[in-house]
Amino acid sequence: MPVDIDIAHVARLARLELTPEEMETYRSQLGVILEHAARVQALEGEPEVGSVHGLGIEGVFRDDEVAASLDRDEVLAAAPESRDGFFVVPPALEQ
Amino acid sequence: MSIPDTIAAASRALREGSLTAADLLDGVLERAQMTEAQLHAYLNIDHDGARVAAEAADADLAAGNDRGPLHGIPIALKDNLCTRGMETTCASQILAGWIPPYDATVVSRLREAGAVIVGKTNLDEFAMGSSTENSAYGPSFNPWDITRVPGGSSGGSAAAVAAGSALGALGSDTGGSIRQPAALTGTVGVKPTYGTVSRYGLIAFASSLDQIGPITRTVEDAALLLEAIWGHDPKDSTSYAGEYPQVRRSLDAGVDGLRIGVVKELSGEGYELAVEQAVAAMVEGLARQGAEIVEVSLPSFEIALSAYYLIAPAEASSNLARFDGVRYGLRVDGETTEEMMARTRGQGFGPEVTRRILLGTYALSAGYYDAFYGQAQRVRAAIRADLARVYAQVDALVSPTSPTVAFPAGARLDDPLAMYLSDICTIPSNLAGDPAMSVPIGLDQLGLPIGMQVMAPSLGEEVMFRVAAEVERLAGFDARPEIPVVAG
């Protein structure tokens with residue numbers, strides 16, 4: 001089953017800026033990989049999909065108690081840009 | 001200086017007083033000095049931090065405060081494990097220079113156990129690859145033949161242990177990334193049961209598959225390292241809180257009376273003759289030791305690789321959304337937040353990571369979700385059902401770890417699918433959440449190591465280590481690589 005991919009759309013969804021050459025390379029490589037991946041359709045029957053955790057552990061919460069967290073200044077020190085305790089980003093909304 | 005090359009022997013020597021933790025550190029650093037130019041196993045060696053830790057370990061031991069078998073032992077960490085105050089890059093440009101504000105749980109546990117962290121080892125970027133060639137900082141090479149790959153993605157950890165520039169190392173295994181490099185470098189590599197080793201502080205690739213585990217010279221060393229890092233951790237919501245297997249206790253039990261299955265689907269086309277012959281000879285050896293050998297068939301294994309290359313990229317595309325130029329790592333400026341993010345990610349991720357993010361995004365996108373991702377989850381369920389049926393008949397399974405020995409550098413770099421096929425034997429255990437390990441069983445005609453994989457049901461580490469220890473005894477594998485020394 002040949003797989004045709006709208007690579008520009010997928011790259012936009014993934015927030016990846018790619019050159020036209022890169023897009024063409026990935027489009028053709030993904031076609032080959034997805035053709036192999038499509039073999040999952042050969043599975044016979046419809047097994048029930050349960051927990052993805054092999055030991056079935058799900059829905060775990062810790063006690064609702066205040067605990068120490070990471071130091072704010074230390075965390076912000078790793079950011080490309082920060083000010084007054086906040087991360088700084090370029091404009092996210094149009095004026 | 002010359003030091004013992006196993007954790008167990010070094011641990012004994014420390015207590016006999018014949019050497020110190022500082023001597024052990026000198027020994028591995030000397031090996032690194034002699035081999036790093038050829039192997040590039042490490043991204044970063046923490047000379048100062050390791051020295052302080054080794055001296056503290058010696059002082060502690062002298063004061064009678066013995067922290068157990070890892071006390072004073074030099075250990076290397078794959079560079080996708082967060083280390084407080086020590087750069088952690090995932091071998092990616094997007095995290096260049098990032099200093100984590102916390103230690104991964106496994107790192108805290110190693111420190112508490114008195115281990116000496118030597119440094120951070122090379123990997124395929126974000127652990128995506130099977131050759132350690134996808135590192136943004138250059139590839140690692142195989143100590144047995146420096147024109148070949150060490151496997152991946154934990155290739156730096158495996159190469160360091162094989163070369164003696166660490167006595168043990170931690171890797172992470174999402175589809176075989178501990179076991180396959182262990183097989184290709186003649187070391188022991190363990191992927192424990194999903195949920196037994198905390199993933200807190202492991203930079204996530206595919207969260208439902210990732211597990212941290214040891215790479216060591218011997219099965220006993222792997223047991224020592226595993227017992228130091230596993231156990232319940234409230235910081236990982238998938239962490240197992242029940243009773244843990246006692247792996248060290250089972251090492252001398254032998255295989256008499258065990259039923260061992262040989263997986264029919266993990267042989268044949270694509271498998272090198274030397275690999276198949278070595279595995280077959282070892283199976284005969286196990287039979288002579290009293291194991292009952294049963295050929296078993298798990299038809300779903302035929303499509304496990306296809307399911308994996310949908311599930312793992314799907315999870316990766318979600319996990320790697322956090323690398324967006326806002327909180328850490330690289331930022332490439334743009335007029336808007338979205339433009340900044342797309343440029344940062346476009347320039348910060350290497351080709352394999354980009355490929356997998358695109359693949360995962362596609363597999364999860366509207367119109368394709370059920371045919372790809374949904375169906376892959378059904379295959380995962382079928383693999384579990386197949387394994388449950390087989391484990392009603394046998395105690396453990398064996399197969400080659402990798403269909404081939406170490407391949408030449410560059411050989412599979414331009415063919416992603418050929419690279420993915422390197423993991424065909426190891427992927428089913430990740431999809432099932434079961435433990436599996438690789439043990440060296442010999443060398444091929446070119447002198448390259450061959451590994452045998454031992455698999456067991458979830459929490460079946462006791463039987464897995466029992467079989468692995470017998471395989472190790474039968475193989476008598478004590479060869480060590482001769483690494484050409486480069487002057488200078």
Side-chain angles (χ1 to χ4, degrees), chain A residues 3 5-7 9-19 22 25-27 29-30 32-50 52-55 57-63 70-71 74-82 87-94, chain B residues 98-99 101-102 193-195 208 234 237-238 240 300 303 305-307 309-310 317 324-331 333-343 345-346 349 354-355 357-359 361-362 365 371-372 375-382 384-385 416-417 420 432-434 458-459:
Chain A
V3 182
I5 302 151
D6 180 353
I7 195 77
H9 173 65
V10 178
R12 164 92 171 66
L13 289 176
R15 301 290 185 273
L16 285 164
E17 189 179 279
L18 303 174
T19 66
E22 286 172 328
T25 304
Y26 290 125
R27 194 188 63 76
Q29 288 175 339
L30 259 59
V32 174
I33 296 164
L34 283 165
E35 203 175 324
H36 191 277
R39 290 189 197 175
V40 292
Q41 265 112 36
L43 178 71
E44 288 172 16
E46 281 232 356
E48 193 185 329
V49 178
V52 296
H53 196 310
L55 301 174
I57 298 168
E58 280 184 348
V60 176
F61 293 91
R62 72 168 174 84
D63 293 337
L70 300 175
D71 179 77
E74 197 177 354
V75 170
L76 286 169
E81 195 181 348
S82 68
F87 296 109
V88 176
V89 295
L93 298 170
E94 288 178 26
Chain B
W98 182 57
I99 310 283
Y102 66 101
T193 300
Y194 183 82
S208 78
S237 68
T238 60
Y240 173 64
S300 60
I303 46 176
L305 186 79
S306 297
Y309 276 99
L310 293 166
S317 72
D324 57 7
V326 175
R327 287 163 294 170
Y328 26 64
L330 179 75
R331 171 181 291 186
D333 283 329
E335 291 298 310
T336 63
T337 295
E338 191 177 326
E339 189 177 82
M340 177 277 286
M341 288 177 173
R343 285 185 181 168
R345 292 163 59 78
F349 292 131
T354 302
R355 195 152 41 232
I357 291 174
L358 291 169
L359 187 55
T361 304
Y362 176 84
S365 62
F372 284 108
Q375 186 66 8
Q377 291 293 14
R378 286 187 278 277
V379 171
R380 186 174 194 170
R384 289 204 176 138
L417 194 57
Y420 297 173
D434 289 346
S458 282
L459 298 174

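Letters A, B, ... are given to chains in the order of the sequence lines, protein chains preceding strands, and every chain is numbered from 1. Values reported hereafter were calculated over all heavy atoms of this structure, with side chains retained and with hydrogens, waters and symmetry mates removed.
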#### Entry: Closest contact, heavy atoms only, A/Leu34 versus B/Phe372
CD2-CE2, 3.9 Å
### A/Gln29 to B/Arg355 - nearest heavy-atom pair and separation
OE1-NH1, 2.7 Å
### Atom group of B/Leu358 that falls short of 4.5 Å from chain A, counting heavy atoms
both
### Query
Donor-acceptor pair, A/Arg39 side chain versus B/Ile303 backbone, under 3.5 Å?
no
### Portion of B/Ser317 that has a non-hydrogen atom of chain A nearer than 4.5 angstrom
neither
### Task
In plain terms, say whether A/Glu48 and B/Arg384 are close enough for a salt bridge, that is, a side-chain N and a carboxylate O under 4.0 Å apart.
no
### Task
For A/Leu16 and B/Gly346, work out which heavy atoms get closest and say how close.
CD2-N, 4.1 Å
### Summary
Whatever's closer than 4.5 Å to a heavy atom in chain A on B/Pro416 counts as side chain
### Query
If you measure from CG on A/Leu93 to OG1 on B/Thr337, what distance do you get to the nearest 0.5 Å?
8.0 Å
## Note on the structure
By side chain to side chain contact (heavy atoms under 4.5 Å, CB included), B/Arg331 pairs with (sequence neighbours left out) A/Pro80, A/Glu81, A/Val89, A/Pro90, B/Asp333, B/Met340, B/Thr344
### Query
Highest number of heavy-atom pairs under 4.5 Å with chain B: which of A/Leu70, A/Ile7, A/Leu43?
A/Leu43
### Task
Please round to the nearest 0.5 Å and tell me the distance separating atom OH of B/Tyr362 and atom CG of A/Leu30.
9.0 Å
### Residue pair A/Ala14 / B/Ile357: nearest heavy atoms and the distance that separates them
CB-CG2, 3.7 Å
### Summary
The interface call for B/Thr193 against chain A, heavy-atom contacts under 4.5 Å, is side chain
### Query
With chain A, which of B/Gly433, B/Ser237, B/Ser458 has the greatest number of heavy-atom pairs at distances under 4.5 Å?
B/Ser237
### Interface residue of largest heavy-atom contact number with chain B, from A/Val88, A/Asp71, A/Leu76, A/Val75, under 4.5 Å
A/Val88
### Message
Test your reading of the model: is there a side-chain donor-acceptor pair from A/Glu17 to the backbone of B/Glu339, 3.5 Å cut-off?
### Response
no
## Note on the structure
Okay, B/Ala382 and chain A: the region with an atom under 4.5 Å from a heavy atom over there is both
### Task
Please assess B/Thr354 against A/Glu22 for the test side chain to side chain contact (heavy atoms under 4.5 Å, CB included), listing each intermediate value before the final yes or no.
CA-CA 10 Å; B/Thr354 302; A/Glu22 286 172 328; over 6 Å; no
### Task
For chain B, find which of A/Ala37, A/Gly54, A/Ala92 contributes the most heavy-atom pairs closer than 4.5 angstrom.
A/Ala37
### Summary
Most contact-rich option vs chain A, by heavy-atom pairs under 4.5 angstrom, among B/Gly329, B/Ala381, B/Ser208, B/Ala342, is B/Ala342
### Query
Do any N or O atoms from the side chain of B/Ser306 and from the backbone of A/His36 form a donor-acceptor pair under 3.5 angstrom?
yes
### Task
Using side chain to side chain contact (heavy atoms under 4.5 Å, CB included) as the criterion, list what pairs up with A/Ile57, not counting sequence neighbours.
A/His53, A/Leu55, A/Val60, B/Tyr240
### Query
How many angstroms lie between atom OG1 of B/Thr361 and atom CZ of A/Arg12, to the nearest 0.5 angstrom?
12.5 Å
### Query
In terms of heavy-atom proximity below 4.5 Å to chain A, should B/Arg380 be classed as side chain, backbone, both, or neither?
side chain
